[in-house]
Amino acid sequence: MNTTATATVTCPHCGRGNRIPVAAEGSPKCGHCGQPLPWIVDAGDDDFTEVVERATPPVVVDLWATWCGPCRMVSPALEQVARDLAGRIKLVKVDVDKNPRLSQRFEVQAVPTLLVLDRGRTLARQAGAAPAPVLRKWVEQALEDRRAAAEG
């Protein structure tokens, strides 16, 4: 387990850079202004459990490949959703070519394949790219379904 790995994120509120852990409890906040930060990290076969399945907030997983044009198109849209929903979700990118066990586990037939996971349990899944507003609505619906199931 690599519990010391970090990513650097610029706060969308104050512009300050923040180092955030790729795996941690809770959700990161800006060390300067205290606002929630978008949590965008990479994971692979070796650290997926630590980074994704042990995460407290729901995780949007982007299963992508470097050669995939739609993957390159959807990446900025997913990052926008992560910024919009900072503090509510974590975005984790997984290169399927470098991580064949995860590709097999999630039965990836096409890239990008997008998942919303809650402690490893799949809440939503879709294949293909979509614009940021469509992706945000999809993620928010998965979060609402999760909340309703917890209350039900």
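All heavy atoms count here, side chains included; hydrogens, waters and symmetry mates do not. Count residues from 1 along the sequence.
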To the nearest 0.5 Å, what is the distance between [atom1] on [X] and [atom2] on [Y]?
X	Y	atom1	atom2	result
L63	Q109	CG	CD	12.0 Å
R54	F48	CZ	CZ	12.5 Å
Q80	S75	CD	OG	12.0 Å
L85	L143	CG	CG	7.0 Å
T6	I20	OG1	CD1	8.5 Å
F106	R101	CZ	CZ	12.5 Å

With clusters defined by side-chain heavy atoms of hydrophobic residues (ILVMFWY) lying less than 4.5 Å apart, directly or transitively, does [Y] cluster with [X]?
X	Y	value
V60	V94	no
V96	V59	yes
V108	V52	yes
I40	V139	yes

Which heavy atom of [X] sits nearest a heavy atom of [Y], and at what distance?
X	Y	value
G26	T56	N-OG1, 3.1 Å
R83	P76	NH2-O, 4.4 Å
L123	A142	CD1-O, 4.2 Å
T66	R72	O-NH1, 2.9 Å
L135	A77	CD1-CB, 3.8 Å
N99	G44	OD1-CA, 3.0 Å

Next item on the list: State, yes or no, whether a side-chain contact exists between V41 and V51 at a heavy-atom distance under 4.5 Å.
Entry: yes
Next item on the list: State, yes or no, whether a side-chain contact exists between W39 and L91 at a heavy-atom distance under 4.5 Å.
Entry: no
Notebook entry, point to check: Under the side chain to side chain contact (heavy atoms under 4.5 Å, CB included) criterion, do V92 and V22 qualify, and how do the steps go?
Noted result: CA-CA 9 Å; V92 177; V22 296; over 6 Å; no
Ion pair check, [X] and [Y], cut-off under 4.0 Å:
X	Y	answer
K93	D42	no
K137	E140	no
R88	E144	no

Throw together a table of side-chain donor-acceptor distances under 3.5 angstrom for residues 111-122, partners on residues two or more places apart or in other chains.
residue	atom	partner	partner atom	Å
T113	OG1	A110	O	2.4
D118	OD1	R146	NE	3.4
D118	OD2	R146	NE	3.0

Which atom pairs, one a donor and one an acceptor, fall under 3.5 Å between side chains of residues 27-38 and the rest of the protein, sequence neighbours left out?
residue	atom	partner	partner atom	Å
S27	OG	G87	O	3.4
H32	ND1	R16	NH1	3.1

Item checked: Steps toward salt bridge (charged side-chain N to carboxylate O under 4.0 Å, His left out) verdict (E53, K90) -> CA-CA 11 Å; E53 295 176 1; K90 180 178 188 177; over 6 Å; no
